[in-house]
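Report on the following structure.
All ligand and atom numbering here is 1-based and tracks the order in the structure. Values below: every heavy atom of this structure, side chains too, minus hydrogens, waters and symmetry copies.
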Amino acid sequence: MPTQSQNSNIDITLKHHGGKLGVTGSCHELRIHRNGTKHGILIDCGLFQGKDAKDKNGNDKKLDIEFPISHLKALILTHTHIDHIGRLPWLLAKGFKQPIYCTPATAELVPLMLDDGLKLQLGLNKGQRERVLELIRKQIKPIPYNQWHRIPLSSRSSSLRSSSSLKTSPSYLLLRFQPAGHILGSAYVEIKLPNNEIVVFSGDLGPSNTPLLPDPISPKRADLLVIESTYGNKIHDSVETRAKRLQQIIERSLQDGGAIIIPAFSVGRTQELLFDIEHLIHHNKIDSKIPIILDSPLANKVTKQYRRFKKLWSKEAKTKLNNQRHPLNFEQCITIESHKEHIQVVNRLKSTAEPCIIVAASGMCAGGRVMNYLEALLPDKRTDIILAGYQAHGTLGRDLQCQKSRVWIDNQSVEVNAQIHTMSGYSAHADQADLIKFVEGIEEGRKEIVVVHGEREAREVLEKILDATSC
Ligand SMILES: [Zn+2]
C-alpha cells in the first residue's frame with residue numbers, strides 16, 4: 001500500500017491492526033486523507049487467539065489498543081465471532097466514543113458474545129459486565145441489510161440519515177451491509193467514497209449451499225476489495241452431503257458406546273449442527289433414544305436469536321418451519337444451563353460411558369465447557385470427537401486434529417485414546433472456489449484486491465490465483 005484514489009482531494013490507505021497475517025484479531029482501518037485531514041473507519045476489533053495471541057518472544061500479546069483512535073469516525077462490525085469483536089471493550093476503555101455500525105441481528109448478538117468473553121477472560125462480575133455492555137449498547141447503531149447510510153467525516157454533518165438515494169458529497173462516506181452467509185447477522189461491507197469508488201471488506205464469507213442461511217451474493221462494484229482467505233487453499237467437502245457424513249460418523253461411533261463430543265462455536269456452528277441433527281432425527285437416522293446434549297449457555301441464548309430472526313433464514317430452512325418442523329428447537333435436545341448440572345453430566349458420562357451426542361463450546365477447544373468433557377473423556381477409547389470447524393495453530397483443537405497422543409488441559413497432561421474425526425463440510429467459511437466465485441461475481445472495479453485473514457499458505461495461494469496485492 002498505500003492505495004491511492006484517483007480523486008485529487010482524497011487518498012486512502014489500509015492499516016491492519018490485526019487479522020492481516022493470521023486468522024484471528026481482525027481489525028482493519030480504512031484511512032482517508034481528505035483535504036489534508038486524516039479520518040479512519042475501523043472494520044472489526046477482534047481478539048487474538050491461539051498462536052496469534054503471542055508476541056515474537058512468546059509472551060501473551062497485550063489487549064491494549066496500540067494504535068491511534070482520535071481520528072476514527074466509526075467502527076463497523078462484520079459479525080460477532082470473538083476474533084472480530086473481542087477487543088471492543090478495550091477500544092471503549094481507550095476512549096472510543098464514535099458510532100458502532102452493524103446489522104440488527106449482530107446488534108442483538110454482540111452483548112451476548114461479549115458478556116461471555118468479559119466473564120471468562122477478565123473475570124468481571126455481573127454488575128461490571130453490565131456497565132461495559134451498556135456503554136456498547138449506546139454506541140451501537142443497527143443498520144438493516146441493503147440500505148445505504150452516511151458516515152459523516154466532519155462534525156458539521158454528524159446526524160445519521162438513511163436513504164437509498166443519497167447523493168455522495170465530499171463530506172461523508174456511505175456504508176451498506178450485504179449478507180455474508182457466515183453466521184446470523186454477518187455482513188460484508190461496502191463503503192462508497194466521496195469520489196464514488198467503492199471499497200469492500202468481505203468480513204468472513206460463508207460457503208455456498210448451507211441449509212440455514214442464504215449464500216452471499218457478490219457486490220456489483222468493488223474498486224478495492226479486502227477479502228478473507230481462511231480457506232484460500234482448500235476445497236471443502238460438499239455441504240450437501242455433510243448430514244449424511246455426520247450420520248455415518250455417528251453410527252460408527254455409537255457402535256462401541258461412549259460419548260460423541262462436537263466442539264462448536266456458540267454462534268453458527270452449533271445451530272448448523274442442530275439443524276442437521278434434527279434432519280437426521282426426522283428421517284429416523286439417529287436413534288430416538290440417544291440424548292443430544294447442548295451444553296453451552298451462550299449457544300442456548302444465541303440459538304434463541306436465530307429463532308427470533310427467522311426472516312434471515314434460507315428458503316430451505318423456512319420451508320421446514322412451514323411444515324411445522326422446529327429445526328433448532330426439537331424434543332430430543334437437552335439443554336444444560338447451570339454449572340452444577342454440567343459437572344454432574346461430565347461425571348456421569350465419565351463413569352458410565354453411555355452413548356450420547358454433546359455439542360459444547362468452544363469450537364477450537366480453547367476454553368468453555370467442552371474442556372471438562374475432553375479432560376474427562378479423551379482417555380476413553382470409546383469417546384469420539386468430531387472437529388467440525390477450523391482449528392487454529394496453537395489451540396487444543398489443532399493438537400487433537402494432529403492426532404497427538406497427549407495434550408495439555410488446565411496444566412495437566414491428558415492421554416488421548418479417543419477417536420478424532422474432522423468434517424470440513426461444517427465450516428462457516430467460504431472455500432477457495434467460493435472465494436473465487438465471490439470475486440468473479442463483481443462486475444465493476446476490481447482495481448485492487450488485498451488478501452487478509454489467512455495463514456501464510458492459504459493467503460499466498462489465493463493471492464496468486466486472484467493476482468492480488470499483498471500490502
Ligand atoms: Zn467469523
> Do you know which of L396, L377, L374, V407 makes side-chain contact (heavy atoms from CB on, under 4.5 Å) with V414?
Replying inline: V407
> Any ion pair linking R221 and E443 (charged N to carboxylate O, less than 4.0 Å)?
Replying inline: no
> List-wise, which protein N, O or S atoms are found short of 2.8 Å from the Zn ion (ligand 1)?
Replying inline: H79 NE2, H81 ND1, H182 NE2, D204 OD2
>> Does this structure show an ion pair linking R369 with E375, if we count only N-O contacts that are shorter than 4.0 Å?
In response: no
>> Which residues pass the side chain to side chain contact (heavy atoms under 4.5 Å, CB included) test with S202, not counting sequence neighbours?
In response: L205, I227, E228
> Should the pair H16 and H28 be assigned to parallel (<30°), tilted (30 to 60°) or perpendicular (>60°) ring geometry?
Replying inline: perpendicular
> Under 6.0 Å from the six-membered ring centre of Y426 and within 45° of its axis: does the NZ or CZ of R242 meet both?
Replying inline: yes
